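From a predicted model like this one, the values you see are computed outputs, not experimental measurements.
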Amino acid sequence: MTDTDANGTDTDGENTNAENCLQLPAINAVIVGNGAIGTALLETLLDNSRLQHAVILGRQCKPLPDDGRVRFCHLDALKPDSITSAAVEVRELCGRLHLLVNTVGMLHSETQQPEKRLSDVTTESLQHSFAINAGLLASLAQAFGPLLRHAEPAVLASLSARVGSIEDNQLGGWYSYRAAKAAHNMLLRTLSREWRLSHRNVSVVALHPGTVRSPLSSPFISSTYANRVLTPQESAGYLMRLISTLSPDDSGLFYDWRGHTIPW
Ligand SMILES: NC(=O)c1ccc[n+]([C@@H]2O[C@H](COP(=O)([O-])OP(=O)(O)OC[C@H]3O[C@@H](n4cnc5c(N)ncnc54)[C@H](OP(=O)(O)O)[C@@H]3O)[C@@H](O)[C@H]2O)c1
């Protein structure tokens, strides 16, 4: 099957596995979400001398590293126009993208807490959680897909959570977050199947960042928590190392921060 990239170049027969996106001579990256892990991923990326442009997208501009390669663009997961506008800004800045990492997520808010039992579940909490934790991924793929499709290797990685694994669910609870992350995972897997034909240069993966100390998780990490708690910087280092090993053959998989696959 013949494919064409964003510039109309015939990419049929090109070996897009030859190198990973992070080894390209010039990398353009977008980090969606400027929370704890998003910010740490940006800092990790800045250590890569091949980085040409890094754009961080968020609801509000927070202090940026003093580095001319970094830009901020407004994006609100609940405002579709802001997603398409951000993609236009990124296209004008970089043309093509090699890495897009979605780090936006919501476990609790001023009006919403993770549910302990069925009676806590409301339609509103489900819809809100789905829009941020799942729906955004589809909107990002629609808006940024044309920028990722070209003859060089590229990665679309979206942060999920182990608790979104249906098979792994032994504890119960957290209905909205679990269900939204499971929906996120299905969207990602389905996208990876479509892009296997239309975006053959792109590795599409779901990543579990580990249990990471952040505004999202800290209220729920008890002092007796038995597993390892990562700093955002540690998690970002592991995730970037994993991303640097990916090829399109890995598309459609769910990895944890150690590079182990997680069952859906
Ligand atoms: N921390 C963990 O232990 C852990 C474990 C498993 C999975 N994860 C996943 O990892 C990802 C990053 O989480 P984190 O730990 O870095 O948490 P975080 O610091 O709270 O970051 C979450 C980010 O999502 C953003 N966000 C929420 N609603 C948004 C909206 N409507 N539009 C745009 N941005 C929005 C937040 O924006 P504001 O800064 O403006 O609030 C924040 O920047 C999430 O997807 C989370 O589910 C985390």
Side-chain angles (χ1 to χ4, degrees), residues 20-24 27-48 50-59 62 64-65 69-73 75 77 83 86-87 90 93-94 96-106 132-134 136-145 147-149 152-161 164 181 184-185 187-188 191-192 195 199 201-210 212 214 216 230 232-248 250-257 259:
N20 178 272
C21 69
L22 294 180
Q23 276 93 52
L24 287 169
I27 306 156
N28 298 324
V30 165
I31 306 291
V32 188
N34 53 1
I37 300 174
T39 303
L41 280 168
L42 176 68
E43 285 161 6
T44 306
L45 261 177
L46 293 178
D47 291 338
N48 190 327
R50 297 157 189 259
L51 182 81
Q52 195 170 41
H53 295 292
V55 185
I56 186 150
L57 312 180
R59 288 192 286 198
K62 299 174 185 171
L64 292 176
R69 296 171 295 174
V70 179
R71 292 271 187 96
F72 170 83
C73 268
L75 177 141
I83 302 167
V90 171
L93 179 71
C94 324
R96 61 174 52 180
L97 264 188
H98 304 99
L99 176 62
L100 184 143
V101 189
N102 173 25
T103 73
V104 167
M106 195 278 298
I132 295 169
N133 291 306
L136 173 63
L137 171 62
S139 304
L140 289 172
Q142 287 168 342
F144 289 91
L147 282 69
L148 286 162
R149 183 171 182 256
E152 292 170 341
V155 170
L156 188 163
S158 191
L159 297 196
S160 182
K181 289 294 190 186
H184 164 280
N185 292 349
L187 286 167
L188 182 132
L191 174 70
S192 75
W195 281 14
H199 293 60
N201 62 314
V202 187
S203 314
V204 181
V205 291
L207 301 179
H208 168 63
V212 182
S214 75
L216 178 143
L230 303 174
Q233 292 71 23
E234 285 171 329
S235 174
Y238 283 114
L239 294 177
M240 212 48 92
R241 213 167 305 153
L242 172 61
I243 286 169
S244 74
T245 67
L246 294 173
S247 78
D250 303 307
S251 229
L253 293 175
F254 183 11
Y255 288 101
D256 74 8
W257 54 282

Hey, can you pull the donor-acceptor pairs under 3.5 Å for the side chains in residues 29-46, sequence neighbours left out?
unit_1	atom_1	unit_2	atom_2	d
Asn34	ND2	Gln60	O	2.8
Thr39	OG1	Asn34	O	3.3
Thr39	OG1	Gly35	O	2.7
Thr44	OG1	Ala40	O	2.8

### Message
Taking Ile243's backbone N and O only, do any of them form a donor-acceptor pair with Asn20's side chain (distance below 3.5 Å, no angle check)?
### Response
yes
### Task
Answer whether the closest heavy-atom distance between the side chains of Ile83 and Leu136 falls below 4.5 Å.
yes
### Message
Using only atom types and a distance under 3.5 Å, with no angle test, would you say the side chain of Asn201 pairs donor to acceptor with the backbone of Leu148?
### Response
yes
### Query
So, does Ser235 use its side chain to make a donor-acceptor pair with the main chain of Pro232 at under 3.5 Å?
no
### Message
Just verifying a value: how many Å separate His53 NE2 and Asn28 CG, rounded to the nearest 0.5 Å?
### Response
5.5 Å
### Task
Would you sort out whether Leu253 and Leu246 count as a side chain to side chain contact (heavy atoms under 4.5 Å, CB included), showing the intermediate values?
CA-CA 10 Å; Leu253 293 175; Leu246 294 173; over 6 Å; no
### Message
Distance check, rounded to the nearest 0.5 Å: Phe254 atom CZ versus Leu207 atom CG?
### Response
8.5 Å
### Message
Please give me the minimum heavy-atom distance between Ala77 and Leu75, naming the atom from each residue.
### Response
N-CD2, 4.0 Å
### Message
Ignoring hydrogens, what is the shortest heavy-atom contact between Leu24 and Ile27? Give both atom names and the distance.
### Response
O-CG1, 4.0 Å
## Note on the structure
Note: Thr245 and Leu242 closest approach over all heavy atoms is OG1-O, 2.6 Å
### Contacts of Tyr255 that satisfy ring pair (Phe, Tyr, Trp, His ring centres under 6.0 Å) - sequence neighbours left out
none
### With His184 via ring pair (Phe, Tyr, Trp, His ring centres under 6.0 Å) - residues at least two apart
none
### Task
Report the distance from atom CG of Leu156 to atom CG of Asn102, rounding to the nearest 0.5 Å.
8.0 Å
### Task
Run the numbers on Leu159 and Leu239 for side chain to side chain contact (heavy atoms under 4.5 Å, CB included), then give the verdict.
CA-CA 10 Å; Leu159 297 196; Leu239 294 177; 4.1 Å; yes
### Query
Counting N and O atoms only, with roles assigned by atom type, does the side chain of His98 sit under 3.5 Å from a partner on the main chain of Glu152, one being a donor and the other an acceptor?
no
### Query
Where do Gly105 and Ile132 come nearest, in terms of heavy atoms and distance?
C-CG2, 4.0 Å
#### Entry: Distance-minimising heavy-atom pair for Leu147 and Ala87
CD2-O, 4.0 Å
### Task
Kindly say whether Val155 contributes a backbone atom to a donor-acceptor pair with the side chain of Ser203 at under 3.5 angstrom?
no
### Query
If you look at every heavy atom in Leu187 and Ala134, which pair is closest and at what distance?
CD1-O, 3.5 Å
### Message
Under the rule for salt bridge (Lys or Arg N to Asp or Glu O under 4.0 Å), what residues qualify as partners of Arg69, not counting sequence neighbours?
### Response
Asp67
### Message
Could you check whether any side-chain N or O of His208 sits under 3.5 Å from a backbone N or O of Ser160, counting only pairs where one atom can act as donor and the other as acceptor?
### Response
no
### Task
Please step through side chain to side chain contact (heavy atoms under 4.5 Å, CB included) for the pair His199 and Leu191, ending with a clear verdict.
CA-CA 10 Å; His199 293 60; Leu191 174 70; over 6 Å; no
### Query
Under the ring pair (Phe, Tyr, Trp, His ring centres under 6.0 Å) test, which residues partner Tyr238, sequence neighbours left out?
Trp257
### Query
Roughly how far apart are Cys21 SG and Arg50 CZ, rounded to 0.5 Å?
11.0 Å
### Task
Please check if the side chain of Asn133 supplies one atom and the backbone of Met106 the other of a donor-acceptor pair under 3.5 Å.
yes
### Query
Does Ser251 have any side-chain contact (heavy atoms from CB on, under 4.5 Å) partners at least two apart in sequence or in another chain, and if so, which?
Ser192, Val204
### Task
Give, for atom CG of Leu97 and atom CZ of Phe144, the distance between the pair rounded to the nearest 0.5 Å.
7.0 Å
